[in-house]
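Heads up: the structure comes next, in structure tokens.
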Amino acid sequence: MAIIRSLLCAIACSQLCEAFMVAQQQVPTTRTVSSSFATHHYATASEKETESLTVTPIKSLDGTVTLPGSKSLSNRCLLLAALSQGETRVDNLLESDDIRFMLEALDTLEVPVERHTAESVTVTGQAGPIDSPKPEEVVELFLGNAGTAMRPLAAALCMGQGKFVLDGVPRMRERPIADLMDGLQQLGADAKCMEDTGCPPVTINSNGLKGGTASISGKMSSQFLSSLLMASPVVDGDVRISIKDELISAPYVALTIGLMKKFGVTVEIEGDMDKTPSFKIAESENYKSPGSILVEGDASSASYFIAGAAITGGTVTVRGCGSESVQGDIAFANVMEQMGATVTWAPESITVTRDPSVQLKGVDVDCGKIPDAAMTLAVAALFADGPTTIRNVYSWRLKETERMKAIVAECTKLGARVEEFTDYCIIHPPADNKINDNVLIETYDDHRMAMTFSLAACGGVNVIINDPGCTAKTFPTYFDMLESIATH
């Protein structure tokens, strides 16, 4: 495993270096567009026009924001609705690229989806596995960089009948999926990666499955286990899945199991979820539509506003997730409390502020259960007294970009000193917490890089976000929402 990780890191580092070279080649051809919030710049690199956005100095964040629907829950709801018996109305669906790819895939597979609004659809379930609408042809599905569509669909399509190829953008072709393929093959599926990289594109020749057992690794991503779990109820037989090493991001698996319960399926769990658990889905379990389901607000997206309030000392309430949330990333609020913020919980909201006389302090945190929100901690660390250690985030290296390298690079630009290790980093804030002004933040086509580093403007400086449109993956209205509660 150590050799594999080293190879993955080397590959990702090479890709990141290419991104840095492109960024250095940019020749600004700036023009200003009138805006109460930001100045839009345009730079040409290798004959390609790149938009950037300047977030002007933020004095305070105060107000209430209503979160968009959770990406993880949105795509899970759509798939389970498609596998269920009956019609399911899904409301507060996240309007974003990742969900669009899932909806387009369901269209291609001829699963009936009625669009009411961009955030509300009704899915007519197949009462079992999804079969190819063209049995004699290979059905091709393009899934962009949406891991929450690629992995679950790869598993689900093995349970029916048909021939499929699942592919995505170049970065998707660098994101591992071999552990999922291994689990599916153990269950009898004819599914494999087309190349020797262990990454998409994936080919599937499905003829239904009869149940069985699989033992997979949980070190790389919890999405592999979640994908197998969600697909198992449409198998003709009992399915047993065990983790052979360790399970990272266990709260996401708990989220999956909880959602399956809402669709009528019970998963039997043996062992400790944080160690080497095993799971059983009995043949008698079948999905049944709950009629309608409301997608909870995205807890990962809540982290930007929670951190912004903690950094500036303003008061922000995020609506859509709270003490009754099923998402693990709400634990980020507890980390901000450790740093010195004041957190007030309600069933469906979280309110955060900070006494101006209390400075944020550096912390040492295991973020294995909150890897997405942990990115926000990296920027909050710039404003702390003392270093912050973010541990157990090897999965950063396998996400939309090589996030460890990206975070180290951009925090360094802002004036921090960052120590990088295989699965953790230590961030030493700039002297006197003075953030460098007018820094161009590269986002590497990663939505969370753009949103996370916008908070550097809370240090009283201009921050230039390259390619702000990449937030369309999960939160296209992020910068508008940030501006709505910002005092400059």
Side-chain angles (χ1 to χ4, degrees), residues 20 23-24 26 28 30-43 50-63 303-314 316 336 339-341 352 354 356 358-362 375-388 406-418 425 427-444 446-468 470-471 478-488:
F20 291 154
Q24 291 170 350
Q26 290 181 343
T30 306
R31 66 185 179 90
T32 301
V33 178
S34 178
S35 171
S36 61
F37 177 47
T39 305
H40 287 74
H41 303 274
Y42 295 86
T50 303
E51 183 181 0
S52 63
L53 182 150
T54 299
V55 184
T56 56
I58 296 175
K59 179 180 179 182
S60 182
L61 293 180
D62 297 272
S303 70
Y304 313 119
F305 305 104
I306 289 171
I311 293 167
T312 65
V316 174
M336 291 296 97
M339 295 185 78
V352 180
R354 177 178 58 82
V358 177
Q359 184 181 0
L360 294 178
K361 61 182 179 181
M375 296 177 67
T376 314
L377 176 58
V379 173
L382 304 177
F383 299 88
D385 179 16
T388 291
I407 284 172
V408 170
E410 305 313 306
C411 282
T412 300
K413 286 183 189 177
L414 291 167
R417 180 172 67 86
V418 186
C425 64
I427 300 174
H428 301 266
D432 300 319
N433 303 110
K434 291 185 178 178
I435 311 297
N436 291 334
D437 196 11
N438 287 308
V439 170
L440 175 65
I441 298 295
E442 294 298 333
T443 55
Y444 314 99
D446 187 335
H447 55 133
R448 299 210 183 279
M449 287 294 294
M451 294 184 282
T452 293
F453 281 90
S454 68
L455 297 177
C458 296
V461 298
N462 292 295
V463 179
I464 306 168
I465 304 296
N466 198 32
D467 187 22
C470 67
T471 61
Y478 169 74
F479 287 104
D480 291 335
M481 193 171 289
L482 181 67
E483 165 62 4
S484 73
I485 62 169
T487 301
H488 298 284

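In this text, all values refer to a predicted model and were calculated from it rather than measured experimentally.
Summarising the geometry of Thr471 relative to Ala450, their closest heavy-atom pair is CG2-CB, 3.8 Å, with the distance given to 0.1 Å. Between His447 and Cys470, the shortest heavy-atom contact is CB-O, 3.3 Å. Nearest heavy atoms, Arg354 versus Thr312: NH2-C, 3.8 Å. Of all the heavy atoms in Leu414 and Pro430, the pair that sits closest is O-CG, 3.9 Å. What you find for Pro429 and Ala381 is that their closest heavy atoms are CB-O, 3.5 Å. When all heavy atoms are compared, the tightest approach of Cys411 to Ala378 is SG-O, 4.0 Å.
With sequence neighbours left out, the ring pair (Phe, Tyr, Trp, His ring centres under 6.0 Å) criterion links Phe383 to no other residue. Under the side-chain hydrogen bond (donor to acceptor under 3.5 Å, both in side chains) criterion, Ser454 pairs with Tyr478, not counting sequence neighbours. For Asn462, there are no side-chain hydrogen bond (donor to acceptor under 3.5 Å, both in side chains) partners two or more places apart in sequence or in a different chain.
Here the straight-line distance linking atom OG1 of Thr56 with atom NE2 of His488 works out to 4.0 Å at 0.5 Å rounding. Taken from CG in Asp467 to CD1 in Ile441, the straight-line distance is 13.5 Å, to the nearest 0.5 Å. If you take OG1 on Thr376 and CE on Met451, they are separated by 8.5 Å, rounding to the nearest 0.5 Å. With rounding to the nearest 0.5 Å, the separation of CE in Met449 from CD1 in Ile465 is 8.5 Å. With rounding to the nearest 0.5 Å, the separation of CE in Met339 from CG in Asp385 is 10.0 Å. Going from atom CZ of Arg417 over to atom CD1 of Ile427 covers 11.5 Å, rounded to the nearest 0.5 Å.
With contacts defined as side-chain heavy-atom distances shorter than 4.5 Å, the pair Val379/Glu410 does not qualify. Residues Val418 and His428 fail the side-chain proximity criterion, which asks for heavy atoms closer than 4.5 Å. In this structure the side chain of Leu61 reaches within 4.5 angstrom of the side chain of Leu482, judged on heavy atoms. You'll find the side chain of Glu442 stays beyond 4.5 Å of the side chain of Phe453, heavy atoms only. Proximity of Ile464 to Thr54: side-chain heavy atoms (C-beta onward) are separated by under 4.5 Å at one or more points.
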